[in-house]
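Predicted model only: the values in this text are computed from it and were never measured. Counting starts at 1 for both ligands and their atoms, following the listed order.
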Amino acid sequence: MPESPHDHELFDIIEREVERQSTTLQLIASENFTSPAVMAATGSALTNKYSEGYPGKRYYGGNHVIDQSEELARNRVKALFGAEHANVQPHSGASANMAVYMGLLQPGDTILGMRLDQGGHLTHGSPVNASGKLYRFVSYGVTPSDERIDFDQVAELAHRERPKMIVAGATAYPRIIDPEPFARIAQEVGALFLFDAAHIAGLIAGGVHPSPVPHADVVTFTTHKTLRGPRGGCILSRAEHADAVDKAVFPGLQGGPLEHVIAAKAVAFFEAAQPAFADYAAAVVRNCQALAEALAGEGFRLVSGGTDNHLLLVDLRSWNSDISGKKARLALDRAGITLNENTVPDDPRPPYITSGLRIGTAAVTTAGMREQEMRTIAGLISRVLGSLGDADEERAVRDEVNALCSKFPPYPA
Ligand code: DSN
C-alpha cells in the first residue's frame, strides 16, 4: 500500500471529539457509547468489500467470508429478539422504516402513526419526509389528562380510516409502549402492525420492556441507541414478510451494504445477549427515574409525570415561560451538559424552538454513573436554567461537569 502522510487535520478533529464526549455530559436520549469491540469492527477491513445482495446470493465475487459475518449478525439478532426473519442491512432507522412501507404497502395507502409533536418520528408521516409525501398518514396522540398514548383515539381512527398499517413507536415518549392493544386494533381492522423500537431496542433486549416481536408483523430499530451498537438500522419480521422486506431494502432502496457496520452490529447483538446487558438496561431505567424525581424536586414539570424508560421530557413552561427549549439547550451546552430541545404535547412553540427538553440516560449509564450522579446532574441543570445566561455560573457548572465526567471516563486509557 502506498504510504500517505499522516492526516493531522482530520485526526486532530477526532481526538477533540473524543475529548468532548469524555469531558461533557452526554444526555441525548438517542446516543450511547459503543464498546471498543464494536468500534474495532466498524473500523475494520470489511469496509473494503462490495457485497450487494444477501448471504449466498451476491452480485460480486469474494463474499464467502463476508457471508459468514452477515449470517452471524442475522442469526444473533433473531435469537436475541426471538424473530423469524432479520434484515441487518438498513443504513439507518429511517431507511428501515421506508423499506417496510415500500415492501408491504403501495404509495397512497393510509398509515396510522403517532403525531410528531407528541413523540412520533419524522418517518411516521412528517410532510417534509418521504413517508408523508408517499403515503397518507393519519395521526393519533396522547391524552391531555395523563399524556400517555390515547388508545381510544387509536381505535376510533383505525375503525374510521381503515389504515393498511398501524405504526407504534416514538422518538420522544417516556412511557412503556404496550404492543398488545396496538396488535388487537390492527387485527380488528385488518391492518399490518409495524413497531418502531428504535429508542427502546436495548430495553427490550435487556428484558425491561415488553417485546413487540410476538405481536407485530414487523419491528424496526436502530442499533446505536439503547442497544449500544454501531450507527445503523435493522428490520425483524414474520417469515411471511421476509421476501418483501429484503427486496425493499435491496435492490429497492439501498445498494452495497455497509459490511463493516453489519459486523459491528453482530458484535453488539453478542454483547446484548450477555447477562450483564440486562443489568445495564435496568440501570438505565433506574437512573432515568432518579433523574426525573430529582428534576421534579427542583420544580420542573415532567411530561406524563415521570418515565418508564431511558428518557424524560421536561416541560419548561411551568418553570419559566420565557425559556424556550432552544435557549435552555444552548445554555446547558455552554455548561457542558449536552441534550436536545423537544416539543412537549400541544407545544405553542415551533419544533426548532420548542418548550421542552429531552434528556436520556443510556450513555451516562454506560459510563458507569448511577442514581447519586443523576441527582447531581439534576442540580447542575437547575443551576444553569435558574440563572440563564449567567456566564460565571455556566463556567462554574462546566468545571463541576468536568470533575464529574473525569470519574466516569467512557473509554479509560
Ligand atoms: N434522531 C433520532 C432521535 O434523536 O430520536 C431519531 O431518529
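- By the 4.0 Å N-to-carboxylate-O rule, Arg16 lies too far from Glu19 to be salt-bridged with it.
- Salt bridge Glu259/Arg58: present, at least one basic N to carboxylate O contact under 4.0 Å.
- Residue contact check: Thr171 has heavy atoms under 4.0 Å from atoms 3 (C), 5 (O), 6 (C) of ligand 1.
- Arg349 has no carboxylate O lying under 4.0 Å from a charged side-chain N of Glu341, or vice versa, which leaves the two without a salt bridge.
- Within the 4.0 Å heavy-atom shell around ligand 1 one finds Arg358.
- Inside a 4.0 Å radius of atom 4 (O) of ligand 1 there is at least one protein heavy atom.
- Residues satisfying the salt bridge (Lys or Arg N to Asp or Glu O under 4.0 Å) criterion with Asp399, sequence neighbours excluded, are absent altogether.
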What pairs of donor and acceptor atoms, side-chain ones from residues 402-413 against any protein atom, are under 3.5 angstrom apart with sequence neighbours left out?
{"unit_1": "Ser406", "atom_1": "OG", "unit_2": "Ala403", "atom_2": "O", "d": "2.6"}
{"unit_1": "Tyr411", "atom_1": "OH", "unit_2": "Thr34", "atom_2": "N", "d": "3.3"}
{"unit_1": "Tyr411", "atom_1": "OH", "unit_2": "Thr34", "atom_2": "O", "d": "2.7"}

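- Heavy-atom contacts of His121 reach the following atoms of ligand 1: 6 (C), 7 (O) (cutoff under 4.0 Å).
- Under a 4.0 Å criterion applied to the non-hydrogen atoms of His199, ligand 1 contributes the atoms 3 (C), 5 (O).
- Among protein heavy atoms, the minimum distance from atom 1 (N) of ligand 1 is reached at Ser30 OG, 4.6 Å.
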